[in-house]
Amino acid sequence: MPEQDVIVVGAGFTGLTAALELAHAGLDVLLLEARDRVGGKVESEVLPDGTRIDTGGQFFCRDMPELMALIKAHGKTPVMTYAEGNTVFRPPLPPQKGYDLWRQVDALRDRMIATDPDDPELSDLTVADWVARQDIPADVAKSFLRLVKGLWCRSPDEIAFTYLASNDRRITNTHSEMEMFLGGTAHALADELAAKLGNRLKLNTAVSRIDHSAGGVEIWSGAQRFSAGRLLLALPPVTVRKLVFSPALPAHVDQALRAWAPGYAIKVQVSYAKPFWRDLGLNGTVMWQEPQGLYACDTSRGDYAGLVMFIGGPLALQWHGKPLEELRGFVRERLIDALGEPGGDMRDIHVRDWIDDPWSSGAYSDVIVDPDARDAEDVLNAGVPPIHFASSELAISYPGYIEGAIVAGRQAAARLLRIGG
């Protein structure tokens with residue numbers, strides 16, 4: 001007989017949510033996590049001054065109901081991202097012209113969302129192909145492509161257009177997704193969820209091989225063996241590909257997994273003595289047209305003053321593996337250019353490079369780069385019982401966000417409970 005009803009692999013917000021839902025429903029659940037912590041792509045570190053920062057997923061908005069409910073249930077109070085004052089554009093633009101440009105980018109994004117997903121003329125296009133077909137000003141096209149690099153963290157020449165349109169249809173917020181964050185870190189919230197699982201959670205347990213049959217699964221972590229009637233792999237698709245399955249997964253599932261590629265992202269936290277930009281009438285947000293894939297905003301709260309800088313897409317890949325001091329110098333130069341000499345007077349620069357992360361593969365999420373893989377998400381959501389898949393990438397709402405991870409966990413738990421036994 002299997003030792004557990006369900007084994008969940010991966011203790012990000014998807015795996016934590018699913019495991020808690022299944023346990024609450026009365027199933028015998030075991031959650032296995034390769035790292036020495038929970039949270040997946042949500043993690044934290046402590047800076048030299050003692051401030052705990054999110055080095056992974058962090059931001060959210062009031063339009064994300066699952067995460068907002070979780071925050072309220074755990075007695076957390078969000079910090080509003082500072083938004084008073086002007087945004088800085090690089091190369092320089094008058095603020096009104098910059099805002100007008102991004103309104104046009106939003107309009108193009110709406111046009112993308114409105115496309116017919118079954119239009120055969122769109123089926124083999126990349127995002128760059130589709131943009132090239134649009135009758136729009138060159139600066140709008142460039143800004144849209146910059147947005148894709150920054151949010152989806154791959155080159156628009158690689159991302160399948162129909163995937164991106166479908167993905168963006170599920171991101172329905174009206175308030176900025178950068179509207180707020182938790183001063184005590186989103187990762188601390190993951191820790192609190194994990195505490196509810198008690199001994200149902202095993203850290204430092206990296207799964208490498210999965211033997212499966214109609215009767216259940218055997219899961220191997222080194223010499224450790226676990227067994228269950230069903231398995232939920234709460235991992236990004238690219239990470240699932242690293243596992244060994246015996247027998248091999250069916251061809252259509254393997255093809256669906258191979259349609260994905262990891263995002264390229266580096267997150268940089270820059271600390272200052274005070275949020276000097278506010279005295280200059282600035283909100284701390286910097287939007288770069290060049291280099292593309294670069295964005296910064298204010299993460300100050302309480303006695304802590306700082307900016308977070310995101311480096312995404314090809315620019316992140318360009319910096320990956322280079323000496324850390326070179327990257328810190330690049331960050332310093334960009335912030336001096338954008339905010340003046342005080343931008344270089346930094347207390348600390350913390351860098352978290354997510355490219356080739358051993359357990360997450362990349363960030364913020366995997367993306368589909370095979371235009372022919374129109375059903376890749378449907379195939380993975382269907383699974384191959386007793387093996388099931390779940391991740392933020394597969395969520396019916398807010399894919400790629402913490403909200404999407406929670407939604408995906410609930411989706412998967414509901415599916416397993418419907419299947420029964």
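Model, not experiment: these values are computed from the prediction.
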Discussion item. Go through it in stages, so that I can follow the logic: the residues are L327 and I266, the test is side-chain contact (heavy atoms from CB on, under 4.5 Å), and I'd like the CA-CA distance, side-chain angles, deciding distance and then a yes or no.
Written reply: CA-CA 10 Å; L327 177 55; I266 299 172; 4.3 Å; yes
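- Put simply, the side chain of E43 reaches to within 4.5 Å of the side chain of W354, judged on heavy atoms.
- Listed by chain and residue number, L101, P137 satisfy the side-chain contact (heavy atoms from CB on, under 4.5 Å) test with D139 (two or more places apart in sequence, or in another chain).
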Practice task
Evaluate the criterion ring-ring contact (aromatic ring centres under 6.0 Å, His included) for residue pair Y272 and W277; output intermediate values, then yes/no.
Solution key: CA-CA 11 Å; Y272 292 94; W277 49 90; 5.6 Å; yes
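- No side-chain N or O of R62 forms a donor-acceptor pair with one of T174 less than 3.5 Å apart.
- In this structure, the side chains of V331 and W319 stay at 4.5 Å or more apart for every pair of heavy atoms.
- Judged by distance alone, the side chain of Q411 and the main-chain N or O of I396 form a donor-acceptor pair under 3.5 Å.
- Checked by atom type and distance alone, the side chain of T115 pairs as donor or acceptor with a backbone atom of M112 at under 3.5 Å.
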Verify side-chain hydrogen bond (donor to acceptor under 3.5 Å, both in side chains) between D100 and Q104, making sure each step is shown before the conclusion.
CA-CA 6 Å; D100 288 342; Q104 294 179 74; over 6 Å; no
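- Proximity of M180 to H175: side-chain heavy atoms (C-beta onward) are nowhere separated by under 4.5 Å.
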N86 vs Y99, test: side-chain contact (heavy atoms from CB on, under 4.5 Å). Steps then yes/no. CA-CA 10 Å; N86 289 322; Y99 299 141; 3.9 Å; yes
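- K202 places a side-chain heavy atom less than 4.5 Å from the side chain of F226.
- The closest side-chain heavy-atom distance from W130 to L164 is not below 4.5 Å.
- Side-chain contact check for P399 versus E377: every heavy-atom pair is 4.5 Å or farther apart.
- Looking at every heavy atom in both residues, K267 comes nearest to T55 through CD-O, 3.6 Å.
- Shown here for V148 and P156, the closest heavy-atom pair between the two residues is CG1-CG, 3.9 Å.
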Hey, can you pull the donor-acceptor pairs under 3.5 Å for the side chains in residues 290-297, sequence neighbours left out?
| unit_1 | atom_1 | unit_2 | atom_2 | d |
| --- | --- | --- | --- | --- |
| E290 | OE2 | K142 | NZ | 2.9 |
| Q292 | OE1 | K149 | NZ | 2.8 |
| Q292 | NE2 | K142 | O | 3.3 |

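- One finds the CD1 atom of I387 at 11.5 Å from the CD1 atom of I7 (value rounded to the nearest 0.5 Å).
- Formation of a donor-acceptor pair under 3.5 Å by the E158 side chain with backbone atoms of S155 is found in this model.
- In this structure, L125 and R133 have side chains that are in contact, with non-hydrogen atoms separated by less than 4.5 Å.
- Of all non-hydrogen atoms in K41 and D366, the two that sit nearest each other are NZ-N, 4.2 Å.
- Considering CG of L193 and CG of L31, their distance stands at 11.0 Å, rounded to 0.5 Å.
- Taking every heavy atom of both residues into account, L232 and A390 meet most closely at CD1-CB, 3.8 Å.
- Within a 6.0 Å radius of CD in Q96, other residues, nucleotides and ligands contribute more than 12 heavy atoms.
- Side chain of S271 to main chain of G306: no donor-acceptor pair is present (N/O by atom type, distance under 3.5 Å, no hydrogens or angles).
- D191 contributes atom CG, which lies 11.5 Å from atom NE2 of H74 (distance to the nearest 0.5 angstrom).
- Taken from OH in Y264 to CG in D353, the straight-line distance is 11.5 Å, to the nearest 0.5 Å.
- For the pair D357 and R352, the salt-bridge criterion is met [side-chain N within less than 4.0 Å of a carboxylate O].
- Among the candidates V8, V6, L380, I419, the single residue satisfying the side-chain contact (heavy atoms from CB on, under 4.5 Å) test with H388 is I419.
- Side chains of T51 and R301: no donor on one and acceptor on the other come within 3.5 Å.
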Would R334 and V286 count as a side-chain contact (heavy atoms from CB on, under 4.5 Å) if you check the C-alpha gap in whole Å, the side-chain angles of each, and the deciding distance to 0.1 Å? CA-CA 10 Å; R334 297 282 71 74; V286 185; over 6 Å; no
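- The closest donor-acceptor contact from the side chain of R90 to the backbone of D337 lies under 3.5 Å.
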*Determine, step by step, whether F276 and D345 satisfy the side-chain contact (heavy atoms from CB on, under 4.5 Å) criterion, reporting the C-alpha distance in whole Å, the side-chain angles of both residues, the deciding distance to 0.1 Å, and the verdict.*
CA-CA 10 Å; F276 65 87; D345 189 15; over 6 Å; no
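- A 6.0 Å sphere centred on NZ of K322 holds more than 12 heavy atoms belonging to other residues, nucleotides or ligands.
- Counting all heavy atoms, side chain and backbone alike, E393 lies closest to P236 at OE2-CB, 3.7 Å.
- Looking at Y398, its side chain does come within 3.5 Å of a backbone N or O of D63 through a donor-acceptor pair.
- For R170 (side chain) and S166 (main-chain N/O), a donor-acceptor pair under 3.5 Å exists by modelled atom type.
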In sequence, state the C-alpha distance, the side-chain angles, and the governing distance for Y401 and F13, and then conclude on ring-ring contact (aromatic ring centres under 6.0 Å, His included). CA-CA 10 Å; Y401 292 83; F13 270 87; over 10 Å; no
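- When only modelled atom types and interatomic distance are considered, N283 and T87 share a side-chain donor-acceptor pair under 3.5 Å.
- A distance of 10.5 Å separates CG in L233 from OG1 in T239, rounded to the nearest 0.5 Å.
- Proximity of a side-chain donor or acceptor of R169 to a complementary backbone N or O of I113 within less than 3.5 Å is detected.
- Although no hydrogens or angles enter the test, the distance criterion places a donor-acceptor pair under 3.5 Å between the side chain of E33 and the main chain of A11.
- Residues M64 and I406 fail the side-chain proximity criterion, which asks for heavy atoms closer than 4.5 Å.
- Heavy atoms of other residues, nucleotides or ligands lying less than 6.0 angstrom from CG of D303 number 12 at most.
- The local environment of CD in E121 is sparse, with at most 12 non-hydrogen atoms from other residues, nucleotides or ligands closer than 6.0 Å.
- Side chains of S391 and T14: a donor-acceptor N/O pair is absent below 3.5 angstrom, by distance only.
- Between F181 and F59, the two ring planes are perpendicular [angle over 60°; tilted spans 30° to 60°].
- At most 12 non-hydrogen atoms from other residues, nucleotides or ligands lie less than 6.0 angstrom from NZ of K72.
- Q4 approaches V29 most closely through the heavy-atom pair CG-C, 4.2 Å.
- In this structure a side-chain-to-backbone donor-acceptor pair under 3.5 Å is missing from D124 to P371.
- Using cut-offs of 30° and 60° for the angle between ring planes, the Y163 and W260 rings count as perpendicular.
- Interatomic distance, OG of S361 versus CD1 of I355, reported as 12.0 Å (0.5 Å rounding).
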